[in-house]
Amino acid sequence: MHDNYLATMPDENGFFGKFGGAYVPPVLEAPFAEITKAYKEIKNSQAFLDELKYVRKHYQGRPTPVFFAKNLTAHCGGAKIYLKREDLNHTGAHKLNHCMGEVILAKHLGKKKVIAETGAGQHGVALATAAAYFGLECEIHMGEVDIAKEHPNVVRMKILGAKVIPATHGLKTLKEAVDSAFESYVSQADEAIYCIGSVVGPHPFPMMVRDFQAVLGYESKEQFAEHEKGLPDAVVACVGGGSNAMGMFAGFIEDEDVELHGVEPLGRGENLGEHAATLTYGEEGIMHGFNSIMLKDDKGEPAPVYSIGSGIDYPSVGPEHAYLKEIGRTQVGLCDDEEAVAAFYTLSQLEGIIPALESAHAVAYAMKLAKTLGEGKSILVNLSGRGDKDIDFVVDNHPVPNAKF
Ligand SMILES: *Cc1c(COP(=O)(O)O)cnc(C)c1O
């Protein structure tokens, strides 16, 4: 791993090795190039950095704490487990970190609207929040099936003033929402920008979203030093598209002694369609405008994916994760539904924190890793979000275990 990694990766064209790039239809080339150019201009401007710093502190409530989960540590036995509390970031997850950045960029470009797709609705809610704060219009495309399934998030987006547009063709889920949002963007690219919800999509989004989420890693590094000498031995985060993990990893990527673990959802098992463990079981391929590792069906199309964590069931993954795995800088772990639910209850009952089911994957994996690493070591886990959105589903399907006290 060379010095200055973050400043030199990706290359000019958005490639991390062979992964990344911008494979978009000709009509979208100019709009995406405009975003790349604008981001390059403002990313080092003092006014932009000041504005981001201001909203993070005074609106989002950053920095979110890093705390020593002493009960969880005692329960597992072995390495100390520390948690980065993104559940305490405004809106209850890490996604607002990049949405605020994206909307400031839109404002800088003189746009009056932001457009995005959303799957489970988490990105839609975060973007609608950022748009409300900055006084921009917000248009969210969502599959009709997802609209029915994720009712509370649809209501939230509407309350926040966003327009929710149903994608009514095909399977009526995320892929169709992406198509619908791209189509709408083409027709109004002079007054709107597209805002992607993870470190995925065409260049510059994998880089830009990583940079906005890097606040997680930078804050954690400083805060960890208040607890322990030196650095954590391992950093752990769940990987859907990969933004919360990439944000954490960014703070430690040049510290070769720090192991970086991304945790993928194994869902109900290793058969295609039962999981969303893309880096583990996928192969190289292009979808949604970038080259990465993806899960394909027998026709080479994006395969159906499943996880109990609705924010991590994506058939591709951020290109930088594909690259970092290939060069051996990161390790990829797995956590199935059952382990995630067990960790959901364990963290709730031992530490008084109800984690998002996505984040529970990282916690479950860290609990195993704590035993493997052993005493004298420490693990920093990103708790990417809070579990309020998941409580009804969890208690209806997995009864609350007997109280421990
Ligand atoms: C969306 C979401 C994720 C997955 O997205 P990444 O881009 O992989 O970080 C993880 N946790 C929570 C709470 C989410 O809302």
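Order of appearance sets the numbers: ligands from 1, and atoms from 1 within every ligand.
In terms of polar-atom proximity, S198 is counted as a contact of ligand 1, with an N or O under 3.5 Å from an N or O of the ligand. At least one N or O atom of G241 sits closer than 3.5 Å to an N or O atom of ligand 1. Annotation: S243 places an N or O atom under 3.5 Å from an N or O atom of ligand 1; distance criterion only.
In the vicinity of G240, heavy-atom distances shorter than 4.0 Å reach the ligand 1 atoms 8 (O). Close approach to C238 involves these atoms of ligand 1, each under 4.0 Å from a residue heavy atom: 10 (C). Under a 4.0 Å criterion applied to the non-hydrogen atoms of I312, ligand 1 contributes the atoms 4 (C). Atoms of ligand 1 lying under 4.0 Å from any heavy atom of G385, numbered from 1 in the order shown and given with element: 13 (C).
Taking each heavy atom of E358 and S310 in turn, the nearest pair found is OE2-N, 3.5 Å.
Aromatic rings of F19 and F290 (six-membered ring for Trp) have centroids beyond the 6.0 Å cut-off, not under it.
Relative to the six-membered ring of F48, K43 misses at least one condition, a distance below 6.0 Å or an angle of at most 45° to the axis.
Considering E86, E358, K95 only, the shortest heavy-atom separation from atom 15 (O) of ligand 1 involves K95. By heavy-atom distance, the residue among S384, A356, G387 lying nearest atom 12 (C) of ligand 1 is S384.
Between F32 and V24 there is a side-chain heavy-atom pair separated by less than 4.5 Å.
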Practice problem: Verify side chain to side chain donor-acceptor pair (under 3.5 Å) between N4 and E254, making sure each step is shown before the conclusion. | Solution: CA-CA 8 Å; N4 223 1; E254 286 165 24; over 6 Å; no
Practice problem: In sequence, state the C-alpha distance, the side-chain angles, and the governing distance for R268 and E338, and then conclude on salt bridge (Lys or Arg N to Asp or Glu O under 4.0 Å). | Solution: CA-CA 8 Å; R268 291 184 286 240; E338 241 174 74; over 6 Å; no
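Under 3.5 Å, the side chains of Q213 and K95 contain no donor-acceptor pair of N or O atoms.
In this structure, H123 has no heavy atom closer than 4.0 Å to ligand 1.
Ring pair F68/Y82 is tilted by interplanar angle, where 30° to 60° counts as tilted.
For atom 5 (O) of ligand 1, the closest heavy atom belonging to the protein is G311 O, 3.9 Å.
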